[in-house]
Amino acid sequence: MRHLTTLKLIDAVTRFGSIRRAAEETALTPSALHRRIQTFEEEIGQEIFERLPGGVRLNAAGELVVDHIRRQVAETERLKSRLADLAGMRRGHISIACSQALTSQFLPNAIAQYREVFPQVTFEVLVADHAAAEKALIEYEVDLALVFDWNQMPEFEVMLAVHQDLRAVMARTHPLARENELRLRQCLDYPLALPTKAFGGRLLLEEAVGRTSMQLNPAVESTSFDFLKSYVLREGAITFQIPVGTPNDDLYEGLISKPIDVRDLRDGFLYLGQKRGRTLSVASARFADQLTQELTRNFDAV
């Protein structure tokens with residue numbers, strides 16, 4: 001499948017927007033890479049890049065070509081996985097985009113469990129919000145995505161959805177830690193450490209306070225959930241997290257999570273999905289089945 005090398009080189013140039021940078025990453029000289037692209041363009045009878053002063057950019061023909069390349073490379077990986085499975089080798093590679101809430105416990109456990117049975121399968125995990133996850137799916141950078149509070153992404157094909165309520169996370173010494181359930185207004189009386197507005201949990205909070213006279217005035221904002229969890233241990237602050245990512249082990253000793261009254265805050269959903277219309281490799285499909293079983297065992301599916 002040597003022809004795939006040229007296709008992957010073209011994809012690299014597309015991603016970097018520069019022949020020079022792509023050449024550096026692929027251990028070729030810029031002139032050699034440029035010749036490979038010219039030869040390909042001559043074969044298909046179309047130029048696929050606009051040459052710009054600062055690099056290159058796909059033209060209309062190039063957009064079609066790169067979409068075809070990414071589909072072909074993905075299908076080739078699927079074929080290799082199926083052939084390996086047929087031969088009993090159980091090899092493969094699985095790439096997945098996920099919300100940060102999945103990274104502390106759920107996904108590491110799931111991957112370790114999978115590799116106990118199929119140790120020759122490798123994984124790549126991209127931590128991303130739902131917009132970045134959809135982009136990664138569209139560009140065939142990942143096979144699967146696990147995202148919270150998905151918002152009708154047209155290229156996202158839902159495989160499973162499970163309920164996830166947003167919970168208040170605080171130090172065990174916090175004054176509200178004694179309560180069984182909290183009203184949202186109680187939380188807003190304390191400093192807030194919140195994720196940025198790119199995240200589904202923050203959007204749920206914004207929606208909730210938008211129906212009232214209350215306001216969100218975070219003392220600290222971050223794109224790192226690890227930072228937020230660590231920060232609330234150092235100030236009498238509150239952050240928010242979904243159950244799949246709430247502290248229940250020694251990773252964040254000293255924290256506790258409390259449910260929010262359903263009158264104040266609606267449930268969100270954690271979605272497992274793939275690129276619409278794509279056929280997954282054997283390894284990825286098997287891992288998706290495992291995730292489905294694990295999620296439905298612990299949470300209510302829609």
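The first residue in the sequence is number 1, and the count goes up from there.
- Transitive grouping of hydrophobic side chains (ILVMFWY, heavy atoms separated by less than 4.5 Å) keeps Phe16 and Val56 in distinct clusters.
- Nearest heavy atoms, Leu107 versus Cys98: CD2-SG, 3.7 Å.
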Trace of the side chain to side chain contact (heavy atoms under 4.5 Å, CB included) decision for Leu194 with Phe199: CA-CA 10 Å; Leu194 300 182; Phe199 294 94; over 6 Å; no
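- Side-chain contact between Arg266 and Leu204 is present, with heavy atoms from C-beta onward closer than 4.5 Å.
- A donor-acceptor distance shorter than 3.5 angstrom exists from the side chain of Asp264 to the backbone of Leu184, with no hydrogens or angles considered.
- For His163, the ring pair (Phe, Tyr, Trp, His ring centres under 6.0 Å) partners two or more places apart in sequence, or in a different chain, are Phe269.
- Looking at heavy atoms from C-beta onward, Asn109 lies in side-chain contact with Gln105 at the 4.5 angstrom threshold.
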Working for side chain to side chain donor-acceptor pair (under 3.5 Å), residues Glu294 and Asn298: CA-CA 7 Å; Glu294 183 70 18; Asn298 291 284; 3.2 Å; yes
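- Of the inter-residue distances, the one linking Met214 atom CE with Arg183 atom CZ reads 8.5 Å to the nearest 0.5 angstrom.
- Evaluation of the side chain to side chain contact (heavy atoms under 4.5 Å, CB included) rule for Arg211 yields Glu207, Ala208 as partners, not counting sequence neighbours.
- Put simply, the side chain of Lys258 does not reach to within 4.5 Å of the side chain of Glu181, judged on heavy atoms.
- The same ILVMFWY cluster, assembled from side-chain heavy atoms under 4.5 Å apart, contains both Val209 and Leu166.
- Of all heavy-atom pairs between Gln274 and Asp143, the closest is CB-O, 3.7 Å.
- In the hydrophobic clustering of ILVMFWY residues, with side-chain heavy atoms under 4.5 Å counting as a link, Phe49 and Ile44 come out together.
- Note: the hydrophobic cluster containing Val117 also contains Ile94 (ILVMFWY, side chain heavy atoms under 4.5 Å, direct or indirect links).
- In this structure, the side chain of Arg202 engages the main chain of Pro195 through a donor-acceptor pair within 3.5 Å.
- Looking only at distances, a side-chain donor or acceptor of Arg115 sits under 3.5 Å from a matching main-chain atom of Val121.
- Put simply, the side chain of Tyr140 does not reach to within 4.5 Å of the side chain of Ile69, judged on heavy atoms.
- Leu280 has its side chain within reach of Leu144: a pair of non-hydrogen atoms, C-beta onward, lies under 4.5 Å apart.
- Under the 6.0 Å distance and 45° angle rule, Arg286 counts as a cation-pi partner of Phe118.
- Distance alone, capped at 3.5 Å, is enough to place a donor-acceptor pair between the Thr103 side chain and the Gln100 backbone.
- Judged by distance alone, with hydrogens and angles left aside, the side-chain atoms of Gln164 form no donor-acceptor pair with the main-chain N or O of Asp267 at under 3.5 Å.
- Scanning both residues, Ala168 and Phe240, for their nearest heavy atoms gives CA-CD2, 3.9 Å.
- Of the possible donor and acceptor atoms, one in the side chain of Tyr114 sits under 3.5 Å from a partner among the backbone N and O of Ala283.
- Heavy-atom neighbours of Arg185 CZ from other residues, nucleotides or ligands within 6.0 Å: at or below the threshold of 12.
- Not a single donor-acceptor pair under 3.5 Å links the side chain of Ser222 to the backbone N or O of Leu228.
- The line from CZ of Phe148 to OG of Ser99 is 8.0 Å long, rounded to the nearest 0.5 Å.
- Every residue meeting the side chain to side chain contact (heavy atoms under 4.5 Å, CB included) condition with Ile138, not counting sequence neighbours, appears here in chain and number order: Glu134, Glu155.
- A heavy-atom distance below 4.5 Å is found between the side chains of Arg167 and Asp165.
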Check against side chain to side chain contact (heavy atoms under 4.5 Å, CB included), Leu102 and Ile96: CA-CA 11 Å; Leu102 282 296; Ile96 181 168; over 6 Å; no
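- When atom types are taken as modelled, the side chain of Glu235 and the backbone of Val232 share no donor-acceptor pair closer than 3.5 angstrom.
- At least one side-chain heavy atom of Lys229 sits under 4.5 Å from a side-chain heavy atom of Leu255.
- Shown here for Ala177 and Ile256, the closest heavy-atom pair between the two residues is CB-CG2, 4.0 Å.
- Considering NE2 of His174 and CD of Glu179, their distance stands at 11.0 Å, rounded to 0.5 Å.
- One hydrophobic cluster, built from ILVMFWY side chains closer than 4.5 Å, cannot hold both Leu203 and Leu205; they sit in different ones.
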Verdict with supporting geometry, Arg51 and Glu41, salt bridge (Lys or Arg N to Asp or Glu O under 4.0 Å): CA-CA 13 Å; Arg51 274 64 174 180; Glu41 289 176 327; 3.2 Å; yes
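- Rounding to the nearest 0.5 angstrom, the gap separating the NZ atom in Lys275 from the CD atom in Glu141 is 12.0 Å.
- Atom-to-atom distance recorded for Glu157:CD and Tyr271:OH is 14.5 Å, nearest 0.5 angstrom.
- Looking at heavy atoms from C-beta onward, Val147 lies out of side-chain contact with Leu270 at the 4.5 angstrom threshold.
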Audit row: Val66, Asp11, side chain to side chain contact (heavy atoms under 4.5 Å, CB included) steps and yes/no: CA-CA 6 Å; Val66 168; Asp11 191 29; 4.0 Å; yes
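- Smallest separation of non-hydrogen atoms from Ala145 and Phe156: CB-CE1, 3.7 Å.
- Summarising the geometry, atom NE2 belonging to His93 is positioned 15.0 Å from atom CD belonging to Gln120; distances are rounded to the nearest 0.5 Å.
- In this structure, Val169 and Ser257 approach most closely via the heavy-atom pair CG2-CB, 4.1 Å.
- Under the 4.0 Å criterion applied to side-chain N and carboxylate O atoms, Lys197 and Glu221 are not assigned as salt-bridge partners.
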CA sep, side-chain torsions, deciding dist, call: Glu25, Arg21, salt bridge (Lys or Arg N to Asp or Glu O under 4.0 Å): CA-CA 6 Å; Glu25 292 293 323; Arg21 284 195 60 201; 5.4 Å; no
Leu146/Leu295 under side chain to side chain contact (heavy atoms under 4.5 Å, CB included): CA gap, chis, key distance, verdict: CA-CA 11 Å; Leu146 267 170; Leu295 288 168; 4.0 Å; yes
